[in-house]
Amino acid sequence: MSKKLAEGTLYLKNFDQFSKYITLAKATGYVPETFEIEGIQDNIKQNGDVVIRLRFSRHGKTSGFYDEHFSIIIRKSDDLILGFVDLRRENSITPEEVAQLPRENEMPALVKNFFDSWDANYLNELDDYAYRSPYGENILINGVKLAVAGTEWKWVAPKTRDWGWVVFGKNRKPIIFERNIRWVAGRTTEKWLHDTYLETGSLDFIPVEVD
């Protein structure tokens with residue numbers, strides 16, 4: 001077990017006690033229908049707050065680092081969803097498909113629809129938008145590396161100066177969402193959604209490779 005997986009308490013079965021958080025995750029509407037809960041890491045810290053990490057995999061089968069998964073982080077004090085990733089083979093792209101990613105002029109409507117469906121108030125607090133493409137992560141399927149990537153919309157929350165972003169894939173659905181990210185000469189907020197962090201503990205940015 002990696003050092004990061006040893007933090008808090010890791011559950012690989014007996015998930016009934018976490019039904020509240022499983023329900024919150026599914027209420028976003030973004031947990032894939034064929035994915036079931038695989039593991040839960042409880043009582044870990046993000047920005048000093050106690051959070052819980054839920055990892056779903058295809059049919060609930062055991063996955064390793066960099067396998068496809070849907071993971072979500074929820075702050076326990078107020079049930080705020082701090083982020084999720086939807087890293088599935090269906091969301092992977094080839095170099096030829098990069099042109100299919102959302103264009104900059106599509107992004108405001110995609111972002112608005114995304115937040116309107118479950119956290120409309122948050123959108124009203126945002127400022128300083130930026131855009132870039134592609135952005136994402138690599139996964140491994142049977143030893144084959146696939147790039148799960150999309151177009152990123154990035155912002156700063158004026159009240160806190162925390163960063164956030166959402167990435168939309170080729171099907172115009174969100175594949176990565178994070179908020180309340182602190183940045184002081186580099187990222188300082190834990191990266192519980194990302195397997196690179198779970199495996200190594202590194203906060204370094206690792207760019208997606210579309211090849």
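Everything quoted here is computed from the prediction, not taken from an experiment.
- R58 is linked by a salt bridge (charged side-chain N to carboxylate O under 4.0 Å, His left out) to E68, E90, counting only residues two or more places apart in sequence or in another chain.
- Counting heavy-atom neighbours within 6.0 Å of K61 NZ, excluding the residue itself, gives a total above 12.
- Residues forming a side chain to side chain contact (heavy atoms under 4.5 Å, CB included) with D116 (at least two apart in sequence, or on another chain): K112, A120.
- Partners of D16 under the salt bridge (charged side-chain N to carboxylate O under 4.0 Å, His left out) rule, at least two apart in sequence or in another chain, do not exist in this structure.
- Checked against salt bridge (charged side-chain N to carboxylate O under 4.0 Å, His left out), E199 has no partners two or more places apart in sequence or in another chain.
- The salt bridge (charged side-chain N to carboxylate O under 4.0 Å, His left out) search around R55 returns E38, D195, not counting sequence neighbours.
- Applying the ring pair (Phe, Tyr, Trp, His ring centres under 6.0 Å) test to F115 and every residue at least two apart in sequence or in another chain returns Y122, W155, F177.
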Pairs under 3.5 angstrom only: tabulate donor-acceptor contacts from the side chains of residues 75-82 to other protein residues two or more places apart or in another chain.
{"residue": "R75", "atom": "NE", "partner": "D78", "partner atom": "OD1", "Å": "3.0"}
{"residue": "R75", "atom": "NE", "partner": "D78", "partner atom": "OD2", "Å": "3.4"}
{"residue": "R75", "atom": "NH2", "partner": "D78", "partner atom": "OD2", "Å": "2.6"}
{"residue": "K76", "atom": "NZ", "partner": "D42", "partner atom": "OD1", "Å": "2.8"}
{"residue": "K76", "atom": "NZ", "partner": "D42", "partner atom": "OD2", "Å": "3.4"}
{"residue": "K76", "atom": "NZ", "partner": "N43", "partner atom": "OD1", "Å": "3.4"}
{"residue": "D78", "atom": "OD1", "partner": "L80", "partner atom": "N", "Å": "3.2"}
{"residue": "D79", "atom": "OD1", "partner": "K20", "partner atom": "NZ", "Å": "3.3"}
{"residue": "D79", "atom": "OD2", "partner": "K20", "partner atom": "NZ", "Å": "3.3"}

Please tabulate, for side-chain N and O atoms in residues 23-35, each donor-acceptor pair with protein atoms closer than 3.5 Å (sequence neighbours left out).
{"residue": "T23", "atom": "OG1", "partner": "S19", "partner atom": "O", "Å": "2.9"}
{"residue": "T28", "atom": "OG1", "partner": "A25", "partner atom": "O", "Å": "2.7"}
{"residue": "T28", "atom": "OG1", "partner": "Y30", "partner atom": "N", "Å": "3.2"}

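- For D119, the side chain to side chain donor-acceptor pair (under 3.5 Å) criterion is met by R179, not counting sequence neighbours.
- Looking at residues two or more places apart in sequence or on another chain, you find a side chain to side chain contact (heavy atoms under 4.5 Å, CB included) between R172 and P102, E106, L110.
- In this view, S2 and K4, L5, F65 satisfy the side chain to side chain contact (heavy atoms under 4.5 Å, CB included) rule, not counting sequence neighbours.
- For L54, the side chain to side chain contact (heavy atoms under 4.5 Å, CB included) partners at least two apart in sequence or on another chain are Y21, I22, I37, I40, I52, F56, I72, I74.
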